[in-house]
Amino acid sequence: MKLLVSPPPPLFPSSPCRRPGKAILQKHFHAVATGKSCKWGEANRKAICRVAETHESEQVKERESLRRGTVSPRLPVPDHIRRPPYDDVDRLPDVNPNRQMHDSESIVHMRAACKLAAQVLQYAGTLVKPSVTTDEIDRAVHQMIIDAGAYPSPLGYGGFPKSVCTSVNECICHGIPDSRALLDGDIINIDVTVYLNGYHGDTSRTYLCGEVDEPTKQLVKVTEECMLRGISACKHGGSFKDIGERISEYVNKYGYSVDPFIGHGVGTIFHSEPIIWHTYDYEPGFMVAGQTFTIEPTLSMGTTQCEVWDDGWTAITMDGSLNAQFEHTVLVTVNGAEILTKC
């Protein structure tokens, strides 16, 4: 799930999220990048935007804009299942400033939570078909998580009403499952986080629904490749800024935009430091073996500008351009990184 915190200045003057209502949007819950995070030249940025507009014109005009459906009541969780501290608290938790480190015992718990999250996501992906509603996906995910003795982490986080995020087409993140049926040609990101024995495992993937055109397939493919390239930068002593640099260099070849949302530390706490940028940045800091965090780039065919529906969560691109996202929780090791949410 993306990060929701108070907004720092945007990556570019043209890239904030407009949000009605109480909270301010940040990421899987993520944060908008600061102005100093950018080392793109203005000419290069404009060239990329022109290419992105070409992608957008091929896609958006041929499909209807996303419409909200009816949101069903929150699903119950059995009393015996351990709840996270924010359960039944409407206030959005602050991002914890501590970086989460693990010993051999806590790594075992992290692996278990992340393995379950990966299995749930894999199952959810099998449900993606035309005519299936995102509410049906939420119900299936919810049941699988509680059957495993875990709590669906998004449920009740800052008042979020569902157990999974389902972001369709131009929805960047935080889509609330509802009665809208998936259509042939849609793409959908399913973002699963589980809380098992006091530890969160967080992962997401973008799925194709029915027959999807080639430009959209490429967007999805490149987004996954960007995530993996970001992960390849991880190792003990590595600089956090290398993650965004590897992603940005690859994105530039295709002319997509990197949406201004971030990864985050995850473990016993849902969202903590370090903040993981997916674009060029100059933030200081180095990775240490035993840290866990998410890498979760979101790519758009068009603008990085977005607005949030009056539900306070659903973030939509202002130009209707398609988005894709992939996410893994990783453990930094001496020689690289272990992907914990890999089936």
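Side chains are part of it too, since the values below use all heavy atoms of this structure and drop only hydrogens, waters and symmetry mates.
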_I'd like to know whether D310 forms a salt bridge (Lys or Arg N to Asp or Glu O under 4.0 Å) with R68, so could you lay out the CA-CA distance, the side-chain angles of the two residues, the decisive distance to 0.1 Å, and finally the verdict._
CA-CA 11 Å; D310 58 11; R68 72 187 74 190; 2.7 Å; yes
Of all the heavy-atom pairs spanning [X] and [Y], show the shortest one and how long it is.
X: C171; Y: T314; value: SG-CG2, 3.7 Å
X: T294; Y: I276; value: O-CG1, 3.5 Å
X: L208; Y: V128; value: O-CG1, 3.8 Å

| said: Test of understanding: with side chain to side chain contact (heavy atoms under 4.5 Å, CB included), list the residues that count as partners of R91, not counting sequence neighbours. | reply: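 With sequence neighbours excluded, R91 shows a side chain to side chain contact (heavy atoms under 4.5 Å, CB included) to V89, D94, given in chain and number order.
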Consider side chain to side chain donor-acceptor pair (under 3.5 Å). Of E224, Q122, H328, which one does R205 pass it with?
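Exactly one candidate clears the test, E224.
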Does a donor on one side chain and an acceptor on the other come within less than 3.5 Å for [X] and [Y]?
X: S272; Y: N98; result: no
X: R180; Y: T134; result: no
X: E136; Y: T133; result: yes
X: H236; Y: N335; result: no
X: N189; Y: S204; result: yes

Stepwise side-chain contact (heavy atoms from CB on, under 4.5 Å) test for Y254 and C226:
CA-CA 11 Å; Y254 292 90; C226 283; over 6 Å; no
Looking at N252 and E249, would you say the former's side chain and the latter's main chain have a donor-acceptor pair under 3.5 Å?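 Here the side-chain-to-backbone pair does not exist.
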Are V132 and I137 close enough, and set up right, to give a side-chain contact (heavy atoms from CB on, under 4.5 Å), and what steps lead you there? CA-CA 8 Å; V132 172; I137 294 173; 4.1 Å; yes
**Request:** Answer yes or no: are there more than 12 heavy-atom neighbours, outside K342 itself, under 6.0 Å from its atom NZ?
**Result:** no
* Proximity of Y157 and H271 rings by center, below 6.0 Å -> yes
Legend entry - Aromatic contact, Y86 with F160 (centres under 6.0 Å):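 Ring centres of F160 and Y86 not closer than 6.0 Å.
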Next on the checklist: For the residue pair R229 and Y250, would you count it as a cation-pi contact if the rule is NZ or CZ under 6.0 angstrom from the ring centre and within 45 degrees of the ring axis?
Outcome noted: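 R229 over Y250 ring: yes.
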**Asked** Which is it for K162 and S72 under the side-chain contact (heavy atoms from CB on, under 4.5 Å) test, yes or no, and what are the steps along the way?
**Response** CA-CA 9 Å; K162 289 296 181 177; S72 61; 2.5 Å; yes
Could you give me the CA-CA distance, side-chain angles and deciding distance for L299 and V222, then say whether side-chain contact (heavy atoms from CB on, under 4.5 Å) is met? CA-CA 9 Å; L299 269 56; V222 171; 3.9 Å; yes
message: For Y195 and H200, take the angle between the two ring planes, folded into 0 to 90°, and tell me which bin it lands in: parallel under 30, tilted 30 to 60, perpendicular over 60.
response: tilted
Note to self: Parallel, tilted or perpendicular, judged at 30° and 60°: which one describes the rings of Y199 and H109?
What the structure shows: parallel
Across all chains, not counting sequence neighbours, the side chain to side chain donor-acceptor pair (under 3.5 Å) partners of T317 are none
| said: Assess the residue pair D202 and H264 against the criterion (side chain to side chain donor-acceptor pair (under 3.5 Å)); give the C-alpha distance rounded to whole Å, side-chain angles, the decisive distance to 0.1 Å, and a yes or no. | reply: CA-CA 10 Å; D202 192 1; H264 54 87; 3.3 Å; yes
